[in-house]
Each structure stands twice: as C-alpha cells, then as structure tokens.
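Note that this is a predicted model, so its numbers are computed, not measured.
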Amino acid sequence: MRYAIFLRGVNVGGRTIAMAELRAVLEGPEITHVETLLASGNVVCRSALDAVALRAAVEATLSEAFGYQARVVVLDAERLSALLAACPFPSDSAELHTYVTVTSDPAVLDALDEEAGLVDPGCPSLRLGPEATAWTVTKGETLSSGRGKLATRARFASAVTDRNLRTMLKVAAALDRLADG
C-alpha cells in the first residue's frame, strides 16, 4: 500500500533532520520506496503494514535514530486523495493561504476545531473527515491567527500537524507517481 507520512515539528524550533538521513533511516524491509518532499517532514512510501502499525514503526524508528519523541500522521494514498478532493478552498490565491490540519487522534482535532471556532470565528474552516480540517487565513497572518497559535499548544501539538494545500497536493502527486513506478 502507498502511504503519506507527515512528521510533526521537524526542521523547526531547532530540531533539524536532513531528508537524506530521514530516507536512509526509514528505508528497510517494512518500508520501501521512501521519498521525501520539501524539507518539512513529508514522506511517501510503500509498506505492507497497516496505517496504525506503520505509524508505530515510524515513530519508534525516528525516536531512536534522532533522539526525540517523534509524532507522525499516516494516511494511505486513497484517503489523502479523498480528503483533498473534499477541500473547497483554493490551493493558490493572491489573498489567502489554505492549510490542511491532519491528525493521528480525531478527538484532539475535534477539540482544536471547537476552540479555534471560539477564538477565531472569522477563520473559514471545514472538517474534511475525522482526520483532517481545511482552513484559510489571510496571507501573512498564519502564525498570528487564533488557529495557528492554538495548534502549537502542547495538548494539540503532539497529535496534529498543518501543511499548506499546495504541499498536500505535491504529496498526493508523489503518491500517484509511486503507483506508476
């Protein structure tokens, strides 16, 4: 099966992992055809493991190899495509950035969505499924937005990660190429 793996908190805040090292650490008998995209912890691969087992294996491998408590979100190719197809927001806009928040724990995303609606009611968002919410923000205001600030709090940060929609579309395209290869 083809998977997208989204690492949380990589190459920000002093935790730097070279993508070549990341590929080398992950590639093995259970995880093959490992490819990284950009330098922000986006991985595509093939694995016979199910998503839950793959998540556990990747988190354990990264924690041991890089000395931190790794947190990842794993989505299979079909699920990622379905989530992106459900997103009504633009991938490119002169005024807005569109983000997709993905989670390994839907209850945490429920709480984040609820609180974000209270602190930032003007921030358009749409739940795409149990594991993803799409949202938009005016360009230049991502980190200062209520939702952006909330996502960095400890109770959310361990279970969610944001990617802009353009990045998510690149990950989906890489998964499509992996199917052809």
Side-chain angles (χ1 to χ4, degrees), residues 1-13 15-87 99-113 127-135 150-165 167-179 181:
M1 182 163 278
R2 295 171 295 129
Y3 289 103
I5 303 170
F6 302 99
L7 283 67
R8 171 79 177 110
V10 171
N11 295 342
V12 295
R15 181 176 302 121
T16 302
I17 297 176
M19 294 300 102
E21 281 185 86
L22 178 60
R23 285 189 304 275
V25 165
L26 292 178
E27 187 81 35
E30 293 183 326
I31 306 171
T32 63
H33 300 85
V34 176
E35 179 183 341
T36 58
L37 294 104
L38 309 171
S40 55
N42 305 298
V43 176
V44 296
C45 65
R46 289 186 184 169
S47 180
L49 299 173
D50 68 23
V52 173
L54 180 59
R55 177 177 163 228
V58 168
E59 288 180 345
T61 298
L62 296 178
S63 294
E64 183 177 321
F66 298 110
Y68 79 105
Q69 182 61 49
R71 299 285 185 221
V72 303
V73 176
V74 174
L75 297 171
D76 69 53
E78 292 74 24
R79 187 63 186 146
L80 179 60
S81 290
L83 293 170
L84 297 178
C87 182
Y99 292 92
V100 179
T101 303
V102 291
T103 188
S104 56
D105 184 345
V108 172
L109 187 56
D110 291 342
L112 174 60
D113 286 346
R127 191 68 174 256
L128 303 176
E131 67 280 81
T133 297
W135 56 286
L150 284 173
T152 64
R153 291 190 181 164
R155 69 177 201 238
F156 302 125
S158 66
V160 302
T161 189
D162 292 311
R163 297 295 188 276
N164 69 48
L165 182 55
T167 297
M168 293 296 247
L169 293 169
K170 288 176 185 176
V171 170
L175 285 168
D176 288 345
R177 287 190 306 275
L178 196 57

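When all heavy atoms are compared, the tightest approach of Leu49 to Tyr3 is O-OH, 2.7 Å. When all heavy atoms of Pro130 and Thr103 are compared, the closest pair comes out as O-CG2, 4.0 Å. The minimum heavy-atom distance between Ala151 and Leu112, with the atom names listed, is N-CD1, 4.1 Å. Here the closest heavy-atom approach between residue Val100 and residue Ala132 is recorded as CG1-CB, 4.2 Å. Nearest heavy atom pair, residue Val102 against residue Phe6, reads CG2-CD1, 4.2 Å. The shortest heavy-atom contact between Leu83 and Glu131 is CD2-OE1, 3.7 Å.
A donor-acceptor pair under 3.5 Å is formed between the side chain of Arg8 and the backbone N or O of Ala157.
Under the side-chain hydrogen bond (donor to acceptor under 3.5 Å, both in side chains) criterion, Ser47 pairs with no residue at all, not counting sequence neighbours. A search for salt bridge (charged side-chain N to carboxylate O under 4.0 Å, His left out) contacts involving Asp110 returns Arg127, not counting sequence neighbours. The side-chain hydrogen bond (donor to acceptor under 3.5 Å, both in side chains) test applied to Thr167 returns Asn164, not counting sequence neighbours.
The structure places OG1 of Thr133 at 3.5 Å from CG of Leu109, a figure rounded to the nearest 0.5 Å. To the nearest 0.5 Å, the span separating CZ on Arg46 from CG on Leu54 amounts to 14.0 Å. To the nearest 0.5 Å, the span separating SG on Cys45 from CD on Glu35 amounts to 10.5 Å. Once rounded to the nearest 0.5 Å, the distance linking CE of Met168 with CG of Leu37 reads 12.0 Å.
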Show the atom names and distances, to 0.1 Å, of all donor-acceptor pairs under 3.5 Å that link a side chain in residues 17-32 to residues at least two apart or in another chain.
{"residue": "Arg23", "atom": "NH1", "partner": "Thr36", "partner atom": "OG1", "Å": "2.6"}
{"residue": "Glu27", "atom": "OE1", "partner": "Val34", "partner atom": "N", "Å": "3.0"}
{"residue": "Glu27", "atom": "OE2", "partner": "His33", "partner atom": "N", "Å": "3.2"}

Please tabulate, for side-chain N and O atoms in residues 66-76, each donor-acceptor pair with protein atoms closer than 3.5 Å (sequence neighbours left out).
{"residue": "Asp76", "atom": "OD1", "partner": "Glu78", "partner atom": "N", "Å": "3.1"}
{"residue": "Asp76", "atom": "OD1", "partner": "Arg79", "partner atom": "N", "Å": "2.8"}

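Val44 places none of its side-chain heavy atoms less than 4.5 Å from the side chain of Arg177.
A side chain to side chain contact (heavy atoms under 4.5 Å, CB included) with Val171 is found for exactly one of Asp176, Leu84, Leu80, Ile5, namely Leu80.
Pairs engaging residues 52-70 under the salt bridge (charged side-chain N to carboxylate O under 4.0 Å, His left out) rule: Arg55-Glu59 [sequence neighbours left out].
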